[in-house]
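From a predicted model like this one, the values you see are computed outputs, not experimental measurements. Note on naming: letters A, B, ... go to the chains in the order of the sequence lines (proteins, then strands), and numbering restarts at 1 for each one.
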There are 2 protein chains.
Amino acid sequence: MAVKTTKKIRDADATQSRILAAAKKEFAKSGLSGARVDEIADRAKANKRMIYHYFGNKEDLFRIVLEDAYTDIRTAEQALELEHLPAREALEKLIRFTWNYYLKNPEFITLVNSENLHKARHLKQSDKIEVLFKRFVGMVGALLDRGVQEGVFRPGIDPVQLNITIAAIGYYYLTNRFTGSIVFQRDLMAPAALEERLAFNIETIMRLVCLDF
Amino acid sequence: MAVKTTKKIRDADATQSRILAAAKKEFAKSGLSGARVDEIADRAKANKRMIYHYFGNKEDLFRIVLEDAYTDIRTAEQALELEHLPAREALEKLIRFTWNYYLKNPEFITLVNSENLHKARHLKQSDKIEVLFKRFVGMVGALLDRGVQEGVFRPGIDPVQLNITIAAIGYYYLTNRFTGSIVFQRDLMAPAALEERLAFNIETIMRLVCLDF
DNA sequence: CACATAATGCACTAACTAGTTACTTCTTTA
DNA sequence: TAAAGAAGTAACTAGTTAGTGCATTATGTG
């Protein structure tokens with residue numbers, strides 16, 4: 001079946017996509033409570049009625065936006081194909097990826113923060129998240145094992161703790177960039193500062209994981 | 001002048017304290033947008049009018065709550081007197097303190113998150129914060145220098161990067177404890193998990209900073 | 001082309017929410 | 001002890017906000 005290229009006046013899929021993109025922006029900008037449904041409708045150039053038609057209500061919309069965000073980062077991670085690299089290079093690639101993903105997708109961080117403010121009550125309702133993460137933790141676990149076999153990593157490191165730490169040192173810096181820039185009296189988002197931070201983070205993890213560094 | 005111990009029916013100071021405490025809870029629970037002024041008044045067992053009388057408006061109240069929270073943690077840090085300990089012990093004490101402070105004062109984390117969602121526009125208005133942090137960064141800088149002199153720390157570590165990392169590895173774990181417990185399928189707040197995390201964090205920093213660990 | 005169905009728009013409401021007005025009650029001090 | 005000012009209250013307002021009822025319009029299919 002040929003894909004229609006005619007620009008339809010009415011296009012359910014396109015409208016839903018626009019609503020999701022708009023919702024992501026608005027929820028990321030203002031949080032769940034601060035986000036305005038009218039604002040989402042405006043941004044999406046859709047009628048508010050459509051939001052309720054396709055997504056039920058504000059909270060359901062938030063849940064779907066959140067699920068999409070998680071799916072997106074985990075999918076990108078799968079595409080790294082770390083298993084084809086020597087362990088140390090693979091680890092560094094993972095650190096760089098995590099940092100750059102947060103940097104280029106600041107909405108991800110804000111959405112996760114918002115969800116935690118609400119004690120993860122939306123994520124609890126989701127069933128497709130667990131599988132996503134099981135695969136991811138497995139990936140890092142395999143990487144650690146391989147590094148030990150190659151004789152470059154220390155044995156006995158918990159992949160979950162390592163994952164959390166790799167995420168933490170990037171996430172915290174970026175989510176708190178506004179207060180951080182004030183209290184430390186330097187522009188944490190200046191290109192040089194970002195490079196410096198990434199280098200520091202790589203060093204932190206390498207010293208933690210590698211036998212000699 | 002003797003301090004009155006008689007329980008006054010009307011007590012401006014006591015009312016202000018109750019409002020501040022209530023506001024801290026409510027803002028921490030629901031964020032700035034999600035917090036309700038009526039709810040704060042109820043929690044404080046004060047009339048809503050009093051909030052506007054003493055604190056101007058909701059945003060000003062938030063700013064004061066935030067300033068108090070920052071002052072509180074930095075004051076507690078000063079009390080550590082790290083300069084009286086060998087550098088390695090002092091560093092470990094700082095890591096433990098940071099972790100335990102976040103653990104016992106979860107509102108602090110939520111308030112800072114909320115402020116960053118709003119691009120730190122309230123902190124920008126504050127003037128007493130910079131001094132607080134200058135002293136703190138100076139303290140860690142002095143500790144690093146001393147460790148180098150003692151021959152136990154690597155030279156050339158940026159105290160700001162180190163501060164950020166020490167905060168990050170605790171803060172991220174705790175702020176994302178709800179989503180984290182779901183995606184990693186383990187209770188991140190179980191006593192054993194908390195101990196394990198603290199140990200992992202100490203190891204991370206020690207390996208980063210110490211010459212041999 | 002006609003009909004069923006899906007997409008969309010408009011105008012509304014019921015509940016909520018920050019902030020205020022006008023007043024009463026208590027406390028201090030000259 | 002009386003007056004002045006500070007502390008406190010209740011009821012209200014003006015604006016906002018999530019969610020809906022219902023009519024209308026486009027689209028694919030037989």
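- Per the geometry, CG belonging to D38(B) stands 14 Å off P belonging to dT9(D), to the nearest Å.
- At dG21(D), none of the side-chain N or O atoms of Y52(A) fall inside 4.0 Å of OP1 or OP2 (strictly under the cut-off).
- Here the C1' atom of nucleotide dG8(D) and the NE2 atom of H53(B) are 9 Å apart, to the nearest Å.
- The distance between atom CE of M50(A) and atom P of dG21(D), rounded to the nearest whole Å, is 14 Å.
- Note: CZ (R36(B)) to P (dA15(C)) measures 17 Å, nearest angstrom.
- Protein atom CD1 of I40(A) is 11 Å distant from nucleotide atom P of dG19(D), rounded to whole Å.
- Of the options K48(A), R43(A), R49(A), a salt bridge (charged side-chain N to carboxylate O under 4.0 Å, His left out) to D38(A) is made by K48(A) and by none of the others.
- Within 4.0 Å of A35(B), counting heavy atoms only, lie sugar-phosphate atoms of the nucleic acid but no base atom.
- With E67(B) contributing its side chain and I129(B) its backbone, the two residues share no donor-acceptor pair below 3.5 Å.
- Taking only side-chain atoms of R49(B), from C-beta outward, the nucleotide of dT20(C), dA18(C), dG19(D) with the closest atom is dT20(C).
- In this structure, E26(A) places its CD atom 10 Å from P of dT17(D), rounding to the nearest Å.
- Remark: R186(B) engages D158(A) in a salt bridge, criterion side-chain N to carboxylate O under 4.0 Å.
- Counting non-hydrogen atoms under 4.0 angstrom, A41(A) reaches nothing in the nucleic acid.
- In this structure, of dG9(C), dA18(D), dA7(C), it is dA7(C) that holds the atom nearest to the side chain of A12(A).
- The separation between N47(B) atom CG and dT20(C) atom P is 14 Å, rounded to whole Å.
- Salt bridge absent: R63(A) and E59(A) never bring a charged side-chain N and a carboxylate O closer than 4.0 Å.
- For the pair K45(B) NZ and dT9(D) P, the interatomic distance rounds to 12 Å; values are reported in whole Å.
- Not one side-chain nitrogen or oxygen of T15(A) sits closer than 4.0 Å to the OP1 or OP2 atom of dA7(C).
- Judged by distance alone, with hydrogens and angles left aside, the side-chain atoms of E115(B) form a donor-acceptor pair with the main-chain N or O of L123(B) at under 3.5 Å.
- With hydrogens and angles ignored, a donor-acceptor pair under 3.5 angstrom links the side chain of K48(B) to the base of dG19(C).
- For dA6(C), the OP1/OP2 oxygens have no side-chain nitrogen or oxygen of Y54(A) closer than 4.0 Å.
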